[in-house]
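In this text the structure is predicted, and so the values were computed from the model without any measurement. Note that ligands are numbered from 1 as they come in the structure, with each ligand's atoms numbered from 1 the same way.
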Amino acid sequence: MEQLKENIHTFTEDKPLDEKEMGELLSIAGEMLEKNILPCTACRYCVSHCPKGLNIPELLELYNEDSFTGGGFIAPMALMAVPEEKQPSACIGCRSCEAVCPQQIKISQAMGDFAKKMEK
Ligand code: SF4
Ligand code: SF4
């Protein structure tokens, strides 16, 4: 309900973006598409559906961070604090999270990619 109210509030005022704002927005969106950033909104609908109890939005945030920076130190460092059974490599690819994701993110694929990247 809280999220619904926030969304309604966002659209209460009809104030279109000006040309500069729109340009900036499209440029960020273009960069995100180029770097394969996943559009997770952290709604957490998927979390209770994961049989492995993975913190999917947190892992996807780190995955995006790693993709955006082209492999920085933040994601590997943050993952060091995550127990082995909650790492991206613990994903069994069941895809039950994907069935409820409103963003239709290929979560199991992202977990596999992320686990491979972190092996290097
Ligand atoms: S595909 Fe992976 S992340 Fe998704 S529910 Fe199954 S184990 Fe969890
Ligand atoms: S359901 Fe999709 S958008 Fe929501 S937290 Fe999970 S991965 Fe992110």
Side-chain angles (χ1 to χ4, degrees):
M1 185 50 78
E2 202 178 308
Q3 198 176 21
L4 182 66
K5 282 180 184 168
E6 270 175 28
N7 289 345
I8 292 169
H9 179 73
T10 303
F11 293 100
T12 307
E13 192 185 356
D14 183 18
K15 185 173 172 263
L17 299 177
D18 63 29
E19 210 172 304
K20 185 169 173 266
E21 289 168 330
M22 184 58 89
E24 279 169 13
L25 196 64
L26 288 175
S27 144
I28 293 169
E31 204 176 339
M32 288 173 84
L33 280 176
E34 232 172 68
K35 295 188 173 176
N36 199 24
I37 300 298
L38 301 174
C40 174
T41 59
C43 66
R44 303 188 69 82
Y45 296 154
C46 55
V47 175
S48 62
H49 292 262
C50 178
K52 303 297 282 182
L54 303 188
N55 190 339
I56 297 167
E58 190 182 286
L59 293 175
L60 292 185
E61 190 183 344
L62 292 173
Y63 176 83
N64 281 343
E65 205 286 328
D66 192 68
S67 302
F68 204 74
T69 57
F73 66 92
I74 293 175
M77 212 166 77
L79 280 178
M80 281 168 72
V82 176
E84 205 175 323
E85 67 275 14
K86 303 293 177 196
Q87 292 277 334
S89 56
C91 171
I92 54 172
C94 66
R95 301 181 65 197
S96 66
C97 52
E98 296 176 20
V100 296
C101 176
Q103 304 295 329
Q104 300 182 333
I105 297 171
K106 291 179 179 154
I107 301 167
S108 56
Q109 193 180 308
M111 292 299 160
D113 284 353
F114 200 14
K116 265 191 211 143
K117 277 186 187 176
M118 291 300 109
E119 274 170 18
K120 289 174 190 167

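- The L60 neighbourhood of ligand 2 comprises atoms 7 (S), with distances under 4.0 Å to a heavy atom of that residue.
- A donor-acceptor pair is defined here as one N or O able to donate and one able to accept, closer than 3.5 Å; such a pair exists between the side chain of E98 and the backbone of S108.
- Counting non-hydrogen atoms of neighbouring residues, nucleotides and ligands closer than 6.0 angstrom, the CD atom of E21 exceeds 12 such neighbours.
- Of all atoms in ligand 2, numbered sequentially from 1 with element shown, those under 4.0 Å from a heavy atom of Q103 are 3 (S).
- Contacts classified as side chain to side chain donor-acceptor pair (under 3.5 Å) and involving residues 42-60 (residues at least two apart or in different chains) are given here: R44-N55, N55-E58.
- For ligand 2, the atoms sitting less than 4.0 Å from at least one non-hydrogen atom of C101 are 1 (S), 2 (Fe), 3 (S), 7 (S), numbered in the order shown with element in parentheses.
- Within the 4.5 Å cutoff, the side chain of L60 has heavy atoms near those of the M111 side chain.
- Atom 1 (S) of ligand 1 has its closest protein heavy atom at R95 N, 3.1 Å.
- E85 CD: more than 12 foreign heavy atoms inside a 6.0 Å radius.
- The main-chain N or O of A75 is never found under 3.5 Å from a side-chain atom of D66 such that the two would form a donor-acceptor pair.
- Nearest non-hydrogen protein atom to atom 5 (S) of ligand 2 is R44 N, 3.1 Å.
- Around atom 8 (Fe) of ligand 1, protein N, O or S atoms at less than 2.8 Å comprise C50 SG.
- The nearest pair of heavy atoms linking V47 to I56 is CG2-N, 4.5 Å.
- Within 6.0 Å of NZ in K35 there are more than 12 heavy atoms belonging to other residues, nucleotides or ligands.
- For atom 4 (Fe) of ligand 2, the nearest non-hydrogen atom from the set P39, C40, P102, C43 comes from C43.
- Side chain of Q87 to backbone of L79: a donor-acceptor contact under 3.5 angstrom is found.
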